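What follows is one structure encoded as C-alpha cells, with my remarks underneath.
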Amino acid sequence: MSEKLNIINTLGHTLNDVELTDAINILVQARKERQAGNLLNMKNSLCPGDTVEFYISKRGRNARGTVERIKTKKAIVVEEGTGIGWDVPMGMLKKC
C-alpha cells in the first residue's frame, strides 16, 4: 500500500464520525471533478475514425474499435473484426 493510502487508512481509524463523513465527502467531490475533467478531455480529443479500446463486460475482455459517432456522454464505437456497434460511455474509452 502506498504512503498516501496508509495516511487515509490511519485517518479512517482516528477521525470521529463527523470528520470521517466530511473526509469522505471531500474525496467523493474530488473524484467527481476528476471524472468530469477526464470526460471533457476525452470528448474534446475524439473524432470519428479514431481507434479506441474499451471493456466489454459480456465477454470479460478489452476490445478495439473505431469511433463512428460522438454523442454528449457516449460514443458509438464499431468493434474491429465483428462490426458490432457499441454505445460506450466516454469514461470507458482509451485512445490508441
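All values derive from a computational prediction rather than experimental measurement. Counting begins at 1 with the first residue of the sequence.
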Margin query: With salt bridge (Lys or Arg N to Asp or Glu O under 4.0 Å) as the rule and sequence neighbours excluded, what pairs involving residues 19-46 come up?
Written below: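 As it turns out, there is no salt bridge (Lys or Arg N to Asp or Glu O under 4.0 Å) pair with a partner in residues 19-46 once direct neighbours are skipped.
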Notebook entry, point to check: Restricting to pairs with a member in residues 53-67, which pass salt bridge (Lys or Arg N to Asp or Glu O under 4.0 Å), not counting sequence neighbours?
Noted result: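 Qualifying pairs, neighbours excluded: Glu53-Arg64, Arg59-Glu79, Arg61-Glu79.
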Check: Would a 4.5 Å heavy-atom cut-off, applied to side chains only, mark Asp87 and Ile76 as touching?
Finding: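 In short, these two side chains touch, coming nearer than 4.5 Å.
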Residues that, via side-chain heavy atoms closer than 4.5 angstrom, fall in one hydrophobic cluster with [X]:
{"X": "Leu40", "answer": "none"}
{"X": "Val52", "answer": "Leu39, Met42, Leu46, Phe54, Tyr55, Ile56, Val67, Ile70, Val77, Ile84, Trp86, Val88, Met90, Met92, Leu93"}
{"X": "Leu27", "answer": "none"}
{"X": "Val78", "answer": "none"}

Check: Distance from Ile8 atom CD1 to Leu15 atom CG, nearest 0.5 Å?
Finding: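 Answer for the CD1-CG pair, Ile8 versus Leu15, is 11.0 Å.
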Taking [atom1] in [X] as the centre, count heavy atoms belonging to other residues, nucleotides or ligands within less than 6.0 Å. Is the count above 12?
{"X": "Asn16", "atom1": "CG", "value": "yes"}
{"X": "Glu68", "atom1": "CD", "value": "no"}
{"X": "Lys94", "atom1": "NZ", "value": "no"}

Notebook entry, point to check: Taking a hydrophobic cluster as the set of Ile, Leu, Val, Met, Phe, Trp and Tyr residues connected by side-chain heavy atoms closer than 4.5 Å, whether directly or through intermediates, do Val28 and Leu20 fall within one such cluster?
Noted result: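 Linked within one cluster.
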Margin query: Using only atom types and a distance under 3.5 Å, with no angle test, would you say the side chain of Asn25 pairs donor to acceptor with the backbone of Thr21?
Written below: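 Yes, because the side chain of Asn25 sits within donor-acceptor range (under 3.5 Å) of the backbone of Thr21.
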